[in-house]
Protein chains: 2
Amino acid sequence: MSQNHRPTIHEVAKVAGVSISSVSRALNGNTSNTEMVERVNDAVRQVGYVPSVVAQSLKTRHTGQIAFAMEDIGNAAYLAMVREIQPTLRDVGYRLLLHSTGADVEDELGVLDSLSQNYVDGLVLCPLRVTERHVAALRDTPVPVVVIGLLPDDVPVDNVRADSRVGAGMAVEHLYEAGARRIGFIDGPVDTVPGHARYEGYRRGLDACGLPFDEELVEFADFQFEGGRHGARSLLARTDVDAILGANDLIAVGALHVLRELGRSVPDDVRVIGMDDTTVAATGFPPMSSVSLGSADRGRIAAQLLLRRLDGDTSPPERVTVPPSLTIRESTL
Amino acid sequence: MSQNHRPTIHEVAKVAGVSISSVSRALNGNTSNTEMVERVNDAVRQVGYVPSVVAQSLKTRHTGQIAFAMEDIGNAAYLAMVREIQPTLRDVGYRLLLHSTGADVEDELGVLDSLSQNYVDGLVLCPLRVTERHVAALRDTPVPVVVIGLLPDDVPVDNVRADSRVGAGMAVEHLYEAGARRIGFIDGPVDTVPGHARYEGYRRGLDACGLPFDEELVEFADFQFEGGRHGARSLLARTDVDAILGANDLIAVGALHVLRELGRSVPDDVRVIGMDDTTVAATGFPPMSSVSLGSADRGRIAAQLLLRRLDGDTSPPERVTVPPSLTIRESTL
DNA sequence: TTGAAAGCGTTACCAC
DNA sequence: GTGGTAACGCTTTCAA
């Protein structure tokens with residue numbers, strides 16, 4: 001690690017025998033004198049000059065950085081997003097800043113507030129929940145924000161959403177078509193946005209199939225593998241089912257495990273389907289069907305919307321809904 | 001999104017009726033006049049002032065940002081690292097910049113070069129391979145760098161490594177103790193650093209157990225689920241085994257699938273163990289044993305080493321090796 | 001203790 | 001076209 005003085009535009013100017021203005025112009029392509037550009041480039045190479053992005057930012061008022069904030073990058077859905085967002089931004093020269101806010105809503109608001117520090121040009125935000133304070137902060141952000149997730153219609157911010165309600169409904173209908181009549185549902189916490197939406201979707205799916213709703217069939221867990229195991233144990237201890245819908249893949253795979261431990265065959269005795277269509281679905285045994293909520297698509301679209309804003313687009317806020325789709329594997333055949 | 005003029009330190013000074021120097025001092029705790037601090041804080045609230053980190057960076061020559069560069073955040077090992085690095089840095093006020101470089105070594109070098117732009121105070125780097133140019137760049141970086149992975153001893157940079165050779169050996173010995181005598185190995189590409197190390201570890205493990213090496217027992221695949229499936233199919237078509245070591249969890253879970261499809265019981269007929277101890281190991285069925293290479297630990301340690309450097313520590317480069325450990329689950333009982 | 005002023009490294013305006 | 005120079009918003013030295 002060298003402690004040498006890093007050359008500035010002044011050194012370049014001196015070596016090239018021109019003014020710093022000319023160097024700046026040459027470097028930014030604001031001159032038609034190609035001989036000048038040559039000279040400057042030579043000098044740049046000679047002194048090993050690299051522009052300071054910080055100084056540039058101060059002057060130009062943009063940073064070349066975009067933040068992505070979500071609860072936990074360990075969550076496969078957010079991971080899928082970041083894998084799309086990063087290359088999308090990177091291709092046009094933006095760096096990505098990652099904020100894992102944790103389950104703390106305060107931290108999420110902290111991210112929104114910190115936007116005023118102007119260290120990023122924009123933000124992609126996946127809020128856990130949308131509180132009054134979120135709305136207030138979003139109404140008046142210093143930089144463009146795109147929200148992935150449900151957002152009240154009057155919040156003037158680009159918004160990309162999944163339709164996990166429809167997705168859960170699709171899952172139920174798929175299970176019904178596969179022959180299931182008693183469909184258990186292991187939901188996530190019902191006070192979360194996805195937990196609530198999937199609960200609704202489950203009920204609508206039942207309605208659509210003409211199946212009765214029975215609370216006995218519903219369990220609530222956290223969105224983790226162990227949650228799925230516990231949920232499945234309680235569910236199966238209480239009643240019998242011929243299918244299980246897990247509110248995400250980890251829950252569903254947890255259920256898969258419990259079923260196998262109990263000696264129930266999947267899919268012959270019980271069909272199982274998850275949501276999010278992540279790696280664990282494909283690597284479960286048997287390979288597990290899942291409802292894709294288009295996380296990767298949502299991430300990419302969000303990034304693109306943000307880039308449009310940064311390009312100066314001032315059209316009204318966009319509202320994009322990514323439709324769910326079914327990935328059918330052996331667990332529901 | 002507001003286009004309002006954002007208040008600067010000058011507005012605060014005016015409202016507080018003091019000079020900007022005093023505001024700066026008050027805000028940075030470089031004054032003992034508490035009445036002054038009061039006044040400034042009031043003014044700050046009144047005008048809604050938030051300091052510009054860009055301007056601060058230009059002056060103070062540090063950015064409050066640290067970059068983490070690796071091949072693909074989708075890789076569970078890197079994911080585990082980032083989940084430790086981010087909170088570690090965040091707790092002391094650093095923001096995390098993510099660089100997924102992809103399989104392209106050029107991009108990796110690009111990250112190293114871009115360090116001269118001074119947009120970060122430090123870097124945690126997981127190189128795919130370490131080339132001459134890496135070494136050259138690392139010898140003379142403008143900011144502290146910590147490398148996670150193998151590094152030549154003479155490169156003067158903090159270094160955190162796993163010991164996947166020892167880890168693979170441990171896996172073999174564990175399988176041996178569990179009763180296995182014909183231990184198949186599905187490695188990753190042997191021209192990668194981990195692929196090579198694990199191959200060596202496998203052979204040493206066999207030696208340690210007094211088992212003969214047999215090339216028939218070895219397959220090479222990529223580090224993915226499908227790779228594991230293909231590798232296992234080839235292996236089992238060619239010869240019989242009573243255990244399989246996968247060079248990572250995805251490979252091993254792929255093998256698990258193939259074994260079940262072939263009606264072989266795990267662990268009774270064939271024991272299976274993976275490496276990295278990721279989610280897919282725990283959610284596999286049966287829950288799969290795995291060699292943990294301490295990815296989370298490596299990430300945390302790397303972050304801590306970097307923070308020490310940023311604190312001004314100038315002691316000689318540190319070389320930390322995180323020992324592997326065995327997580328035993330049902331697949332090898 | 002406080003304020004004036006000099007930078008930090010750029011970009012861009014404005015004369016020439 | 002080119003070069004001086006004034007910002008950008010802050011921290012910090014130096015006098016008072």
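Just so it is clear: chains get the letters A, B, ... in the order the sequence lines come, proteins before strands, and each one is counted from 1.
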Fill in the blank from the handout: Looking only at heavy atoms, the pair that brings B:Ala67 and B:Leu96 closest together is C-CD1, 4.4 Å
Practice task
Using the closest heavy atom to pick a nucleotide of DNA chain C for each, name whichever of B:Ser21 or B:Ala55 lands nearer the 5' end.
Solution key: B:Ser21
Problem - Presence of salt bridge, A:Arg39 and A:Asp42, under 4.0 angstrom - result: no
Problem - Span of DNA chain D, from the first to the last nucleotide whose atoms fall under 4.0 Å of chain A heavy atoms - result: D:dG1 to D:dG9
Problem - Charged N-O contact under 4.0 Å between B:Asp297 and B:Arg300 - result: yes
Fill in the blank from the handout: Of the listed C:dG9, C:dT1, C:dT11, the closest approach to the A:Ser24 side chain comes from C:dT11
Problem - Result of checking B:Val146, B:Val145, B:Val157 against B:Leu123 for side-chain contact (heavy atoms from CB on, under 4.5 Å) - result: B:Val145
Exercise for the section: In plain terms, say whether B:Arg319 and B:Asp153 are close enough for a salt bridge, that is, a side-chain N and a carboxylate O under 4.0 Å apart. Expected result: yes
Practice task
Test B:Tyr49 against B:Leu27 for side-chain contact (heavy atoms from CB on, under 4.5 Å), laying out the working first.
Solution key: CA-CA 11 Å; B:Tyr49 170 71; B:Leu27 259 28; 3.6 Å; yes
Problem - A:Ser57 vs A:His62 side-chain heavy atoms within contact, under 4.5 Å - result: no
Exercise for the section: Could you tell me whether A:Ser57 contacts a base, only the sugar-phosphate backbone, or nothing, with contacts defined as non-hydrogen atoms closer than 4.0 Å? Expected result: nothing
Handout entry: salt_bridge(A:Arg139, A:Asp154) N-O dist < 4.0 Å
Key = yes
Problem - C:dG9 base / B:Arg61 side chain donor-acceptor hit below 3.5 Å - result: no
Practice task
Give the rounded distance in Å between these two atoms: CG of A:Leu58 and P of C:dC8.
Solution key: 14 Å
Exercise for the section: Report, as yes or no, whether the 6.0 Å neighbourhood of atom CD on A:Glu35 holds more than 12 heavy atoms from other residues, nucleotides or ligands. Expected result: yes
Practice task
Could you identify which residues of residues 34-51 of chain A place a heavy atom less than 4.0 Å from some atom of DNA chain C, listed by residue number, or say none?
Solution key: A:Tyr49, A:Val50, A:Pro51
Exercise for the section: Specify the separation, in whole Å, of atom CG of A:Asn28 and atom C1' of C:dA12. Expected result: 10 Å
Exercise for the section: Give a yes or no on this: more than 12 heavy atoms of other residues, nucleotides or ligands lie within 6.0 Å of atom CZ of B:Arg133. Expected result: no
Exercise for the section: Using heavy atoms and a sub-4.0 Å distance, could you list which residues of residues 9-20 of chain B are near DNA chain C? By number, please. Expected result: B:Val18, B:Ser19
Fill in the blank from the handout: Rounded to whole Å, CZ of A:Arg25 lies from P of C:dT10 at a distance of 16 Å
